[in-house]
Asker: 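I'd like to ask some things about the structure below.
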2 protein chains.
Amino acid sequence: MRPTTSKDEIIDRLFELFRQGGFEGVSLADIGRATGLNKSSLYHYFPGGKTDMAAAVIERARAWAGAAVVEPLGRPGPREARIDAMLEAVEALYQGGRRPCLIASMLIGPPDTGLAAAVGAIVRDWLAALTRALVETGAEPVAAGRAATDALARLQGALVLARALGDRQPFEAALAAVRRDLLAA
Amino acid sequence: MRPTTSKDEIIDRLFELFRQGGFEGVSLADIGRATGLNKSSLYHYFPGGKTDMAAAVIERARAWAGAAVVEPLGRPGPREARIDAMLEAVEALYQGGRRPCLIASMLIGPPDTGLAAAVGAIVRDWLAALTRALVETGAEPVAAGRAATDALARLQGALVLARALGDRQPFEAALAAVRRDLLAA
DNA sequence: GTCTATAACGGGATAGAC
DNA sequence: GTCTATCCCGTTATAGAC
């Protein structure tokens, strides 16, 4: 029997759950409900249990960041094209501010299993790619690093505000501000 | 017998726990350990259980924001003095980026009990106070609103990055950037 | 107000049939 | 690969003694 739900699809569902609830806020029962799979079936795909599931989700996030952010930022071409490619990916991932960030959610409360470290690696890669793109298009290295950090902080923070206020406007505003400042950096 | 730990002290401990672990990441056992109180004693202070405790912590955060942020921002005087008062309070609260923000932590995963709404109200008050301070010191209202939102987003996001990277530098950088832009707004 | 004890439940995880 | 059944533990919460 072919599985009714592919592992990729399962991880997609898990991604949505964890970004909303964080590691502790999602139970295996929730996951069973969202995937239509029994706990035992889940253990078939993820022998390490919930931690494995979270790790798979973070790995998916890393892959996404590589393909949708790091790679476009590294493409040769004018700065504007690179930045816009990144921002379009960001807008899509966060659905214009309606959906929270997995990175932020996963940093809250997971009993120390290296998940936080994996999240940190994603952020590091993103920062490095953005900094490099700015430098390659004429920015001075130290200023580029600052600008990259500031850009990511603004986006992350805007997602927090958007969630707290129940209004995606802060996120849209942040996208515009980030674009302006990155192009001017 | 006078209680060995005052309710205020208990809430302080709870504050630290919840900001680190979020609502779901903190158990009553953790709380018992941190406060030296038995579960039953905790129920004496917080009949509604964990939700009550979280609500008390959020209320404390609201009181803090009122005293350390809203009030200084509303004091008559030059913009610089008001902004610096706010930023000093922020730096102290977050210990220069070493400690996460309760607001962000509490937005992750709490089963819907109005806690998120209470958190949202704090953010709203803060934004309103900051916007008003900017307007009172010469900014145009729409620009002031944007600048206020941007400032809070940067600070929140910088805390996320600082946690992800295990490095408080992003937070210090954000404080400087926020100060510069708010004074120029 | 604080304790011990325990109830009642849900959590993650496993065994084994099919 | 998916299921049913079950285990064990931690969790929230309550009762009642002191």
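Numbered from 1 within each chain, the chains take letters A, B, ... in sequence-line order.
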Asker: Output the rounded distance in Å from CG (B/Leu28) to P (C/dA8).
Answerer: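 Nearest whole value for this atom pair: 18 Å.
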Asker: Nearest whole angstrom, please: distance from the P of D/dG10 to the CG of B/Asp30.
Answerer: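 Interatomic distance, CG of B/Asp30 to P of D/dG10: 12 Å.
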Asker: Given the ring of A/Phe46, does A/Lys7 sit roughly above its face, with NZ or CZ under 6.0 Å from the centre of the six-membered ring and within 45° of the axis?
Answerer: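 The answer is yes, since A/Lys7 meets both limits relative to A/Phe46.
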Asker: C/dA15 C1' sits how many Å from A/His44 NE2, rounded?
Answerer: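 My rounded result for the distance is 16 Å.
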Asker: Tell me the interatomic distance from A/Glu24, atom CD, to D/dT11, atom C1', rounded to whole angstroms.
Answerer: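 Rounding to the nearest Å, CD of A/Glu24 and C1' of D/dT11 are 12 Å apart.
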Asker: Report the nucleotide, chosen from C/dG12, D/dG1, D/dT12, that has the shortest atom-to-atom distance to any side-chain atom of B/Lys39.
Answerer: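 Among C/dG12, D/dG1, D/dT12, the one nearest the side chain of B/Lys39 is D/dT12.
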Asker: Would the base of D/dA15 count as contacting B/Ser40 through its side chain, where contact means a donor and an acceptor less than 3.5 Å apart?
Answerer: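 Such a pair is found, so the answer is yes.
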Asker: Using whole Å, report how far CD1 of B/Ile10 lies from P of C/dG1.
Answerer: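 Roughly 10 Å, once rounded to whole Å.
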Asker: Flag yes if more than 12 heavy atoms outside A/Arg19 fall under 6.0 Å of its CZ atom; otherwise flag no.
Answerer: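 It does: A/Arg19 CZ has more than 12 such atoms within range.
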Asker: Under a single-linkage definition using a 4.5 Å side-chain heavy-atom cutoff for Ile, Leu, Val, Met, Phe, Trp and Tyr, are A/Val119 and A/Met53 assigned to the same hydrophobic cluster?
Answerer: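 They do share one cluster, since a chain of ILVMFWY contacts under 4.5 Å joins A/Val119 to A/Met53.
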Asker: Look at the side-chain N and O atoms of B/Asn38 and state whether any lies under 4.0 Å from the OP1 or OP2 oxygen of C/dG1.
Answerer: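 So the side chain of B/Asn38 is outside the cut-off, no N or O lying under 4.0 Å from OP1 or OP2 of C/dG1.
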Asker: Can you tell me if A/Arg132 has over 12 outside heavy atoms packed within less than 6.0 Å of its CZ?
Answerer: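 At most 12 heavy atoms, drawn from other residues, nucleotides or ligands, come within 6.0 Å of this atom.
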Asker: Atom CZ of B/Arg33 and atom C1' of D/dG10: how far apart are they, to the nearest Å?
Answerer: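 In whole Å, D/dG10 C1' and B/Arg33 CZ are 11 Å from each other.
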Asker: Rounded to whole angstrom units, what separation is found between the CZ atom of A/Phe46 and the P atom of D/dT2?
Answerer: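 Distance check: A/Phe46 CZ to D/dT2 P gives 12 Å.
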Asker: What nucleotide among D/dT12, D/dT11, D/dT2 has an atom nearest to a side-chain atom of B/Ala29?
Answerer: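 Closest nucleotide among those given: D/dT11.
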Asker: In whole angstroms, how far is the C1' atom of C/dG11 from the CD1 atom of A/Ile31?
Answerer: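 Nearest whole value for this atom pair: 12 Å.
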Asker: Output the single nucleotide from C/dT14, D/dT2, D/dT12 whose closest atom is nearest the side chain of A/Tyr45.
Answerer: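 For A/Tyr45, the side-chain atoms sit closest to D/dT2.
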